[in-house]
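Here's the structure we're looking at; comments come further down.
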2 protein chains.
Amino acid sequence: MNEPTFLILTALAGEPRHGYAVIEDVERITGGRVRLRAGTLYAALDRLRGEGLIEVDREEIVQSRLRRYYRLTGAGEQRLGAESARLREQATIAERRLRARRTDFGGATA
Amino acid sequence: MNEPTFLILTALAGEPRHGYAVIEDVERITGGRVRLRAGTLYAALDRLRGEGLIEVDREEIVQSRLRRYYRLTGAGEQRLGAESARLREQATIAERRLRARRTDFGGATA
DNA sequence: CACTATATACCGACCGTCGGCATATGCGCT
DNA sequence: AGCGCATATGCCGACGGTCGGTATATAGTG
């Protein structure tokens with residue numbers, strides 16, 4: 001799973017959000033580093049809905065503008081949990097190797 | 001940075017490795033989940049070399065077959081460290097939100 | 001009056017990866 | 001002897017996901 005997709009699921013794990021609110025939340029949790037493009041977001045939303053990881057929560061009309069809220073499904077929760085575990089493991093391995101480089105000089109690492 | 005690229009840098013963070021050894025190491029550290037395609041690997045190696053994140057360590061001929069070893073540069077170390085930190089942060093946020101869902105029912109989360 | 005923010009949605013372009021193929025040698029099995 | 005597998009680098013076309021831009025529409029701010 002790519003980063004934007006992961007971040008979209010994370011945004012929806014907090015609470016049901018509509019598209020634009022997802023863009024804002026992702027920008028917030030990445031410290032401003034990732035600002036999702038509209039094209040990326042809505043394409044991903046459709047795709048994730050097709051995969052059953054998210055679903056439409058409800059629709060609201062605010063100031064004659066549609067807001068379509070999405071929420072994480074049970075499958076989406078499981079998937080996000082699995083992806084999180086994977087990221088954490090990979091980060092741990094990389095950090096262990098980087099640390100070993102700074103300590104011993106030239107030795108191999110597990 | 002995408003997952004295969006991250007894993008290639010992680011493989012080279014352990015010790016200098018030639019292409020095929022990178023494929024094997026990535027397979028090992030992902031528990032068999034990721035088996036890099038030759039096309040992916042060598043294209044990524046060229047690209048990372050162009051970005052200055054890795055460089056050729058040495059070349060050996062073993063059984064009349066070439067082995068080109070690559071190693072991480074200083075810039076590569078820094079980059080891998082930054083990416084690891086990013087993965088860890090994102091995993092932490094996702095996990096916190098998933099945990100909150102199982103505890104309170106329907107509340108918003110930071 | 002123009003610009004920005006809000007909000008959804010489509011489109012072409014691009015990049016990285018996938019999957020397959022080519023090439024070459026040595027090893028183990030039948 | 002012949003076949004497949006592992007080793008090893010590398011090219012190629014296809015594909016999927018993201019980018020960047022545009023369209024549409026309304027409300028608020030300078």
Side-chain angles (χ1 to χ4, degrees), chain A residues 1-12 16-28 30 32-51 53-71 79-80 83 86 90, chain B residues 1-12 16-28 30 32-51 53-71 79-80 83 86 90:
Chain A
M1 179 183 292
N2 289 344
E3 201 193 355
T5 304
F6 179 86
L7 293 169
I8 290 167
L9 290 183
T10 301
L12 296 178
R17 285 185 163 94
H18 57 94
Y20 198 83
V22 168
I23 291 176
E24 291 178 307
D25 189 55
V26 166
E27 190 171 12
R28 200 152 45 80
T30 60
R33 192 176 56 82
V34 178
R35 179 152 185 93
L36 258 26
R37 304 286 148 175
T40 303
L41 196 253
Y42 294 104
L45 251 19
D46 287 346
R47 183 165 39 87
L48 292 170
R49 198 142 58 111
E51 291 173 34
L53 300 183
I54 65 172
E55 62 194 358
V56 174
D57 184 66
R58 65 188 190 278
E59 291 184 354
E60 286 177 4
I61 304 286
V62 178
Q63 288 167 340
S64 65
R65 201 182 292 124
L66 176 67
R67 279 186 190 170
R68 183 143 46 222
Y69 287 76
Y70 295 90
R71 65 162 167 259
R79 184 63 191 279
L80 183 58
E83 289 291 321
R86 177 176 70 73
Q90 291 178 3
Chain B
M1 179 183 293
N2 289 343
E3 201 194 354
T5 303
F6 179 86
L7 292 169
I8 290 166
L9 291 184
T10 301
L12 296 178
R17 284 183 164 94
H18 58 94
Y20 199 83
V22 169
I23 291 177
E24 291 178 307
D25 189 55
V26 166
E27 190 171 14
R28 199 151 47 81
T30 60
R33 191 176 57 81
V34 177
R35 178 152 186 95
L36 257 27
R37 303 285 148 177
T40 303
L41 197 252
Y42 294 104
L45 251 18
D46 288 346
R47 183 165 39 85
L48 292 171
R49 199 143 57 112
E51 290 174 34
L53 300 183
I54 65 173
E55 61 194 0
V56 174
D57 184 66
R58 66 186 188 279
E59 292 185 353
E60 286 176 5
I61 306 285
V62 177
Q63 289 167 340
S64 65
R65 203 181 290 122
L66 176 68
R67 279 186 190 169
R68 183 143 46 223
Y69 287 76
Y70 295 91
R71 65 163 166 258
R79 185 63 191 282
L80 182 58
E83 288 291 321
R86 175 176 73 74
Q90 290 178 5

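The model shown is predicted, which means the values in this text are computed figures rather than measured ones. Residue numbers start from 1 in every chain, and the chains themselves are labelled A, B, ... in the order their sequence lines are given, proteins ahead of strands. Side chains are part of it too, since the values below use all heavy atoms of this structure and drop only hydrogens, waters and symmetry mates.
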* NA contact type, B:Glu60, heavy-atom cut-off 4.0 Å: base, sugar-phosphate, or nothing? -> nothing

* To do: Measure from the side-chain N and O atoms of B:Thr5 to the backbone N and O of B:Met1, and report whether any donor-acceptor pair falls under 3.5 Å.
  => no

* Structure fact -> Residue set satisfying salt bridge (charged side-chain N to carboxylate O under 4.0 Å, His left out) with B:Arg68, at least two apart, ordered chain then number -> B:Glu59

* **Donor-acceptor contact below 3.5 Å, side chain B:Thr40 vs main chain B:Leu36** => no

* Residues B:Glu51 and B:Arg49 bridged, charged N to O under 4.0 Å -> no

* Structure fact -> Taken to the nearest whole Å, NE2/B:His18 to C1'/D:dA6 is 12 Å

* Contact boundaries on DNA chain C for chain B, cut-off under 4.0 Å to non-hydrogen atoms -> C:dG16 to C:dG26

* **Where A:Pro16 and A:Arg71 come nearest, the two heavy atoms and their spacing** => CG-CB, 4.0 Å

* Which sits closer to the 5' end of DNA chain D, A:Glu51 or B:Leu66, going by the nucleotide each is nearest to? -> B:Leu66

* Between A:Arg35 and A:Glu24, is there a salt bridge with N-O shorter than 4.0 Å? -> no

Below 3.5 Å between N/O atoms, which protein atoms pair up with nucleotides 22-28 of chain D? Just atom names and distances, please.
{"residue": "D:dT26", "atom": "O2", "partner": "A:Arg65", "partner atom": "NH2", "Å": "2.4"}

* Asked: Would you say a side-chain N or O of A:Arg47 is under 4.0 Å from OP1 or OP2 of D:dG17?
  -> yes

* Structure fact -> In whole angstroms, the gap separating C1' of D:dG17 from CG of A:Leu9 amounts to 14 Å

* **Which atom of B:Val26 lies closest to which atom of B:Ile8, heavy atoms considered** => CG2-N, 4.3 Å

* B:Tyr42 OH to D:dC11 P, straight-line distance once rounded to whole Å -> 11 Å

* Structure fact -> In whole angstroms, the gap separating P of D:dG16 from CE of A:Met1 amounts to 17 Å

* Asked: A:Asp46 has an atom CG; how far is it from atom C1' of D:dT18, in whole Å?
  -> 15 Å

* To do: Measure the distance from CD1 on A:Ile8 to P on D:dG17 and round it to the nearest whole Å.
  => 12 Å

* Asked: If you look at every strand shown and take non-hydrogen atoms under 4.0 Å, does B:Gly39 touch a base, only sugar-phosphate, or nothing?
  -> base

* Asked: Would you call B:Arg33 and B:Glu3 a salt bridge, using N to O less than 4.0 angstrom?
  -> yes

* Asked: From D:dT9, D:dT18, D:dG20, pick the nucleotide closest to the side chain of A:Asn2?
  -> D:dT18

* Which atom of A:Leu12 lies closest to which atom of A:Tyr70, heavy atoms considered -> CD2-O, 3.5 Å

